[in-house]
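Below is one structure, written out as structure tokens; the observations come after it.
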Protein chains: 2
Amino acid sequence: MNKKYKLILVEDDSSLGYLLSEYLGMKNFEVVWAKTAEEAMLKTKSNAFDLAILDVMLPDMDGFELSQKIKGINPELPFLFLTARSLKIDVLKGFSMGAVDYLKKPIDEEELVVRINALLSRLTTSEEEEELASEYEMGDYILNMDNFELRHKGELIKLTGKEFDLLALLAKNQNQLCTHKEILTTIWDKNDYFNKKSLNVFVSHLRKHLGKDSRLSIVNVNRRGFMLRVEE
Amino acid sequence: MNKKYKLILVEDDSSLGYLLSEYLGMKNFEVVWAKTAEEAMLKTKSNAFDLAILDVMLPDMDGFELSQKIKGINPELPFLFLTARSLKIDVLKGFSMGAVDYLKKPIDEEELVVRINALLSRLTTSEEEEELASEYEMGDYILNMDNFELRHKGELIKLTGKEFDLLALLAKNQNQLCTHKEILTTIWDKNDYFNKKSLNVFVSHLRKHLGKDSRLSIVNVNRRGFMLRVEE
DNA sequence: CAAAAAGGTTAATGAAAGATTAATAGGATT
DNA sequence: AATCCTATTAATCTTTCATTAACCTTTTTG
């Protein structure tokens, strides 16, 4: 489920304003429609918008000027221009004022939506820095993906590159079968007889390394693959 | 003083490619021009780009497909499309693949530059937020980022520029692996065989400099990278 | 139950990667 | 122009580790 973004649309033309706000509403945006710059500023003061969409031609104020007023009210609020004036000088001016985009009318609604989504997803994902599991715990062992270390009760156990890769794959799928094919294609890139032989060697090495905790075992499922079993 | 951004331009048309790369070069960008998708992928592997500019029509591969390949090589690298095909379906497809923009030919160079600047200023300010400590303490050593000094129990140890850069990177990530790629692209800007050889020399120098505290060590993780380990 | 196939373990090997020291070259400074 | 400083390249030596091989044990199959 995605976050619902809140937009302010500043557009004096009634039919275009209505059309766009309806369309954006349908596309899961929360849209506030302002018909004048005055109105836009008031609403910006009292709402937490994620993006402002500004028409350049407004009855009471130039859109560029409005963008600066809005910046004064909420400097974090990104804005883009929507305009019939596609003069090159205007495009340059728009960006120089800090716009995140500049779209020429006639607007294609679908394109507008994908551009808005592209903008907002970039703006917000960089903030939300997702954390991907950097450690796997298996019995008394801890496999650290940041520094490629395996530790047993704090004691470092040296692993080679391939040993690590294999153990990481098994740990990621602990108590679940990893087929030969899956293992060989992800770690060796190639699924053939010789690499399968090599895999056996590495399984053997890992078993030695994991021997300090009897609850752990790498079990073979005949003709299918291997599984890291963690008991209890 | 602004950072010089590094771009890769993928464009098979010689005259347009030449024109754009010259123009962007004039505008203080470092531009690498690839004429084929193949070339683009190779260069992406060995360079730390800030943005990729992709033509949609390439001799050896579809630009959309190329964007996904590039994403596989460097998921952080933002890309935009440049195209003569302004079919609406293509615009939508471009954004759905993760593009940050989609520009229709004929390209106005000035507009391209302001769009690139708008994009990069937004993208990089959010990333580079990492708090920069002004000092890193490692065992008996103190690395001072303000005056570029390394001291051991007060005694100054002279470091060259590159030695300092490398140690700073390792210190920032102490007890965490720094991959070859990460090191080479941040300090050398380019990830190739010769720079990797150079890296070895610097690691060797740093080891000497850090030899006064046995709790510190720069460990190599075979085929992956280096890590500054600080014990207990 | 016997033969064949698959899996397990240990050791040998050779190519690739890493470490170290020295030589070289280019820029800056005096 | 001479000297110093530094990054890169070269040369050489050492270590690492994936693969291969050899041989043994277990499982499957007919």
Side-chain angles (χ1 to χ4, degrees), chain A residues 147-150 156-170 177-212 214 216-229, chain B residues 46-47 148-150 156-170 177-211 214 216-229:
Chain A
N147 50 20
F148 298 89
E149 282 178 355
L150 174 70
L156 181 70
I157 294 168
K158 261 197 112 192
L159 294 185
T160 72
K162 276 248 155 65
E163 284 170 3
F164 180 87
D165 291 340
L166 178 56
L167 183 54
L169 183 62
L170 291 169
L177 180 81
C178 297
T179 63
H180 290 133
K181 193 183 162 194
E182 188 183 348
I183 296 171
L184 291 172
T185 53
T186 62
I187 297 181
W188 274 265
D189 276 353
K190 211 175 170 203
N191 175 3
D192 66 14
Y193 172 79
F194 294 101
N195 288 327
K196 203 183 255 170
K197 277 277 157 200
S198 215
L199 169 58
N200 283 332
V201 176
F202 282 93
V203 168
S204 186
H205 290 163
L206 285 182
R207 281 181 175 136
K208 262 188 178 162
H209 287 132
L210 297 177
K212 287 170 178 168
S214 61
L216 296 190
S217 56
I218 297 179
V219 298
N220 167 255
V221 179
N222 209 287
R223 296 171 150 277
R224 299 224 142 66
F226 294 93
M227 175 169 74
L228 174 63
R229 171 172 291 149
Chain B
S46 59
N47 292 76
F148 300 94
E149 280 178 0
L150 175 68
L156 180 69
I157 295 167
K158 261 197 111 190
L159 294 185
T160 72
K162 276 249 156 62
E163 283 170 3
F164 180 86
D165 291 342
L166 178 55
L167 183 55
L169 183 63
L170 292 170
L177 182 87
C178 297
T179 63
H180 290 132
K181 195 182 161 192
E182 189 183 346
I183 297 172
L184 291 172
T185 54
T186 61
I187 298 182
W188 275 265
D189 250 24
K190 211 173 172 211
N191 174 4
D192 66 14
Y193 173 79
F194 293 101
N195 288 327
K196 204 183 256 171
K197 280 276 158 203
S198 213
L199 169 58
N200 282 332
V201 176
F202 282 92
V203 167
S204 189
H205 292 163
L206 286 182
R207 281 185 175 133
K208 264 188 179 162
H209 288 131
L210 297 177
S214 64
L216 295 191
S217 56
I218 298 180
V219 297
N220 166 256
V221 178
N222 204 283
R223 303 177 127 273
R224 291 211 154 90
F226 294 93
M227 176 169 71
L228 175 62
R229 174 171 288 150

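Since we're looking at a predicted model, the values are computed, not measured. Chain naming here is simple, since letters A, B, ... match the order of the sequence lines and numbering starts at 1 in each.
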Under 4.0 Å: is that the gap between some side-chain N or O of [X] and OP1 or OP2 of [N]?
{"X": "A/T160", "N": "D/dA18", "value": "yes"}
{"X": "B/W188", "N": "D/dT8", "value": "yes"}
{"X": "B/H180", "N": "C/dG18", "value": "yes"}
{"X": "A/R207", "N": "C/dT9", "value": "yes"}
{"X": "B/K208", "N": "C/dT21", "value": "yes"}
{"X": "B/S198", "N": "D/dA7", "value": "no"}

Of the nucleotides [options], which one has an atom closest to the side chain of [X]?
{"X": "A/N200", "options": "C/dT10, D/dT8, C/dG8", "value": "C/dG8"}
{"X": "A/N222", "options": "C/dA6, C/dA22, C/dG18", "value": "C/dA6"}
{"X": "B/F202", "options": "C/dT10, C/dG8, D/dT8", "value": "D/dT8"}

Within 45° cone and under 6.0 Å: A/K196 NZ/CZ vs A/W188 ring: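 Judged by the rule, A/K196 and A/W188 form no cation-pi pair.
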Which atom of B/N191 lies closest to which atom of B/K181, heavy atoms considered: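 Result for this residue pair: ND2-CG, 3.4 Å.
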Sugar-phosphate only, base, or nothing, as touched by B/N220 at under 4.0 Å among non-hydrogen atoms: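 Here B/N220 touches the backbone only, sparing every base.
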Sugar-phosphate only, base, or nothing, as touched by A/F226 at under 4.0 Å among non-hydrogen atoms: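 Answer is sugar-phosphate: A/F226 comes under 4.0 Å of backbone atoms only.
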Nearest-nucleotide 5' precedence on DNA chain D, B/K197 against A/E163: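 With B/K197 and A/E163 compared, the 5'-side residue is B/K197.
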5′-ward residue of the pair B/L159/B/V201 relative to DNA chain D: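 Comparing both residues, the 5'-ward one is B/L159.
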Side chain to side chain, A/E149 and B/V219, heavy atoms closer than 4.5 Å: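 Answer no - side chains too far apart.
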Taking atom [atom2] of [N] as reference, at what distance in whole Å does atom [atom1] of [X] sit?
{"X": "B/N195", "N": "D/dA7", "atom1": "CG", "atom2": "P", "answer": "13 Å"}
{"X": "B/I218", "N": "C/dG18", "atom1": "CD1", "atom2": "P", "answer": "14 Å"}
{"X": "A/L166", "N": "D/dT19", "atom1": "CG", "atom2": "P", "answer": "12 Å"}
{"X": "A/I187", "N": "D/dT19", "atom1": "CD1", "atom2": "C1'", "answer": "15 Å"}
{"X": "A/R224", "N": "C/dA5", "atom1": "CZ", "atom2": "C1'", "answer": "15 Å"}
{"X": "B/K162", "N": "C/dG27", "atom1": "NZ", "atom2": "P", "answer": "14 Å"}
{"X": "A/L210", "N": "C/dG8", "atom1": "CG", "atom2": "P", "answer": "14 Å"}
{"X": "A/R223", "N": "D/dT26", "atom1": "CZ", "atom2": "C1'", "answer": "13 Å"}

B/R207, CZ: over 12 other non-hydrogen atoms inside 6.0 angstrom: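 Correct, the count exceeds 12.
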Nearest-nucleotide comparison on DNA chain C, the residue closer to the 5′ end among B/H205 and B/V221: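 That would be B/V221.
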Reported CZ-to-OG1 distance for the pair A/R224 and A/T179, which is rounded to 0.5 angstrom: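 Result: 10.5 Å between the selected atoms.
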A/L228 and A/L206: CA distance, side-chain angles, deciding distance, side chain to side chain contact (heavy atoms under 4.5 Å, CB included) verdict: CA-CA 10 Å; A/L228 174 63; A/L206 285 182; over 6 Å; no
